[in-house]
Amino acid sequence: MLRVRFAPSPTGFLHIGSARTFIFNWLYARRHGGTVILRIDDTDIERNTQVALDSIFDGLNWLDLGWDEQYRQSERLALHKEAAESILRKGRAYRDFTPAQSAEEEKSREGGPWLCNAGMREISREESDRRAAAGEPFVLRYRVPREPAHDIRFRDGVYGEQVKSTADIEDFALLRSDGSPTYHLASCADDADLRISHIIRGQDHLTNTFKHILIFEALGIDLPVFAHLPLLVAPDGTKLSKRRHGPVVSVTTYRDAGFLPEAFINFLCLLGWSPKDDREKMSREELIATFSFEGINKSNAVVNFTEEDPFDPKAVWLNSQYIYAMPVEELAGKLAPFLRAEPRKVLAVTPLIQERIKLLKDAESVADFFLVAQLPPYDPAELIPQKGDSAMALRVLERALEILPSVEFNHAALEEALRSAAGALGVKAGQMFQPIRVAVCGRKNAPPLFETMAVLGKELCLQRIEQAVQKLQTTVTAN
RNA sequence: GGCGCUAUCGUCUAACGGUUAGGACGGAGCCCUCUCAAGGCUUAAAUACGGGUUCGAUUCCCGUUAGCGCUACCA
């Protein structure tokens with residue numbers, strides 16, 4: 001039975017690298033009919049926060065992929081302790097009574113590899129038991145088999161054969177001096193207990209895997225399959241981090257900007273993985289059917305964001321492709337929270353802005369003039385058409401005011417009326433449309449004029465054109 | 001410092017010894033067009049460096065350089 005797990009620790013919001021790890025785990029499980037386990041790795045009591053935990057669930061829920069089982073490490077401490085004791089009983093761990101070192105002392109040992117605190121490995125079991133019973137604090141360390149050293153090897157699903165000598169592995173901690181389990185112990189004990197068959201995680205754990213293999217061996221369980229994912233890095237090449245890069249790496253930032261979860265997932269999949277053909281936009285089903293470790297790249301992938309633009313242009317482009325392909329009713333539903341207008345209005349506006357937004361949030365600025373009662377102030381010079389003057393603008397608008405009351409507000413009738421009016425005035429169609437567009441929308445760049453006018457309605461259009469005429473007249477007299 | 005991983009256009013990537021080194025995003029240009037978009041077409045842009053192996057290396061090996069990761073009683 002194939003079982004995978006995603007194990008975030010609630011020390012900050014869910015970041016996009018973690019989200020990708022989750023997605024790849026999910027895809028792999030769905031592809032092979034396996035089980036997805038969400039395990040909250042909250043053994044670091046100092047740094048865990050409820051806000052972070054909520055943010056992780058916010059992000060995960062938004063992705064809408066779901067999972068099958070859920071656990072919390074802090075509720076499984078007895079299991080971790082038991083694992084630690086069993087390792088100690090087997091003689092594969094020892095108590096280290098050395099007091100915790102300060103940061104400065106840590107620095108002083110730089111220059112050579114630290115492997116263990118000399119002497120502590122050799123303390124007799126009797127003395128060790130006695131001192132522990134007397135209440136002396138200790139760190140429980142793995143007794144890494146050295147002298148003779150031997151190679152630990154495994155085959156990574158992505159990186160291939162991996163070898164490391166035990167001579168290069170330090171006696172890492174299993175239990176802290178307060179008795180709490182470290183990440184390595186808790187993670188392995190849980191992976192063993194939950195019968196995780198495939199561990200798919202970030203490449204930052206590649207070298208930790210040797211330690212984990214030692215723990216699994218001591219626990220006496222079969223090794224799972226390991227597959228490590230290349231890291232997501234910032235444009236400066238450093239690992240994405242909440243501290244250095246801020247909210248741009250948070251999944252909820254993407255949600256709030258109006259990414260569609262499908263597009264976001266699609267984008268993340270393309271970072272460090274390739275279907276090996278030229279497909280870019282892929283549905284959830286296609287991703288499940290295509291995903292495999294063979295397609296995963298070995299080198300880190302840059303998420304291309306800047307201070308001015310927090311989102312990778314490719315993510316934005318993919319999102320736009322999903323928006324363009326979406327049925328109007330569905331898109332209108334997604335747009336509603338961003339537009340804060342009545343559903344009927346949103347539905348009418350949606351087809352006009354669908355191809356003009358890349359993020360749902362863009363709708364706000366693209367569709368504003370549809371939704372406000374009063375247009376924000378604009379420069380009357382905008383009303384002047386190409387190769388024309390304010391007199392021409394005035395003639396056009398006044399003419400529009402004459403003919404529009406008797407025109408039915410639909411595409412065909414408006415086009416017919418305005419084109420023939422242009423002919424009668426001796427101006428080009430564009431010169432006719434431009435002043436009206438600005439009068440009605442308050443700016444030069446807007447959706448197609450006739451549909452726009454139809455949605456706005458006759459009354460509002462006439463009102464706005466009248467206002468434009470007044471603007472022009474006051475500027476003319478002022479000059 | 002030690003150990004490990006990685007290295008193709010600005011970015012994401014394809015080419016698992018033989019290609020004019022392909023695609024996508026972004027850029028530039030053209031077309032379409034009532035503006036803006038969308039769409040179509042065209043274009044610039046890469047094998048980090050140095051040695052091998054081979055008839056032939058982006059591809060295999062070694063070295064250099066660079067980046068990243070681990071080296072915690074963080075995860």
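It should be emphasised that the depicted structure is a prediction, and the values quoted were computed from it without experimental measurement. Heavy-atom basis, side chains included; hydrogens, waters and symmetry copies ignored. Below, read A as the first sequence line, B as the second, and so on, with proteins coming before strands; counting in each chain starts at 1.
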Member of R131(A), R141(A), R143(A) meeting the salt bridge (charged side-chain N to carboxylate O under 4.0 Å, His left out) criterion with D96(A) | R141(A)
Name the closest nucleotide to the Q321(A) side chain, picking from C34(B), C5(B), G39(B).
-> G39(B)
Look at R47(A) and A75(B) and indicate whether a side-chain polar atom (N or O) is within less than 4.0 Å of OP1 or OP2.
-> no
State which residues pass salt bridge (charged side-chain N to carboxylate O under 4.0 Å, His left out) with E280(A); sequence neighbours excluded, sorted by chain then number.
-> K314(A)
Closest nucleotide among C34(B), U13(B), A15(B) to the K276(A) side chain = A15(B)
Of A14(B), C34(B), C36(B), the nucleotide closest to the side chain of R356(A) is C36(B)
Validation row, ring centre W67(A) to ring centre F6(A) under 6.0 Å | no
In whole angstrom, give me the gap between the C1' atoms of A28(B) and G10(B).
-> 14 Å
How are the rings of F264(A) and F259(A) set to each other: parallel, tilted or perpendicular (split at 30° and 60°)?
-> perpendicular
Each nucleotide N or O in nucleotides 62-67 of chain B that has a protein N or O under 3.5 Å away: list the pair and distance.
none

Considering only heavy atoms, which members of residues 357-370 of chain A lie under 4.0 Å from some atom of RNA chain B?
-> K358(A)
Ignoring backbone atoms, establish whether K298(A) has a side-chain N or O less than 4.0 Å from OP1 or OP2 of U13(B).
-> no
Nearest-Å distance once atom C1' is located in both C73(B) and C62(B) = 42 Å
Does a side-chain N-to-carboxylate-O contact under 4.0 Å join R279(A) and E286(A)?
-> yes
Note, H198(A) side chain near F226(A) side chain (heavy atom, < 4.5 Å) = no
Distance, rounded to the nearest Å, where D277(A) contributes CG and A15(B) contributes P = 10 Å
Nearest-Å distance once atom C1' is located in both C16(B) and C60(B) | 11 Å
What nucleotide, of U11(B), A75(B), G69(B), holds the atom closest to the side chain of L231(A)?
-> G69(B)
Please list, for nucleotides 18-23 of chain B, all pairs of protein and nucleotide N/O atoms separated by less than 3.5 Å.
from	atom 1	to	atom 2	distance (Å)
G23(B)	N2	E280(A)	OE2	3.4

Listed pairs, N/O of protein and of nucleotides 42-45 of chain B, under 3.5 Å:
none

Side chain of T207(A) - closest among A37(B), C70(B), U11(B) | C70(B)
Most 5' of S299(A) and Y183(A) on RNA chain B, judged by nearest nucleotide = S299(A)
H228(A)-T209(A) side chain donor-acceptor pair, cut-off 3.5 Å | yes
Of the nucleotides C3(B), U35(B), G69(B), which one has an atom closest to the side chain of D204(A)?
-> G69(B)
Give a yes or no on whether a salt bridge exists between D171(A) and R121(A), defined as a side-chain N under 4.0 angstrom from a carboxylate O.
-> yes
May I ask which nucleotide in the shown strands pairs with U6(B), Watson-Crick or G-U wobble, both distances under 3.5 Å?
-> A66(B)
Using whole Å, report how far CG of L270(A) lies from P of C12(B).
-> 12 Å
State yes or no: are the ring centers of Y183(A) and H205(A) separated by less than 6.0 Å?
-> yes
Using a cut-off of strictly less than 4.0 Å between a heavy atom of the residue and any atom of RNA chain B, enumerate the qualifying residues of residues 5-20 of chain A by number.
-> S9(A)
Which listed nucleotide (C70(B), G26(B), A38(B)) is nearest to the side chain of E355(A)?
-> A38(B)
Are side-chain heavy atoms of I37(A) and Q70(A) found at a separation under 4.5 Å?
-> no
Tell me: CG of L232(A) to P of G69(B), nearest whole Å?
-> 13 Å
If you check every side-chain atom of W317(A), which of A75(B), C25(B), C5(B) has the closest atom?
-> C25(B)
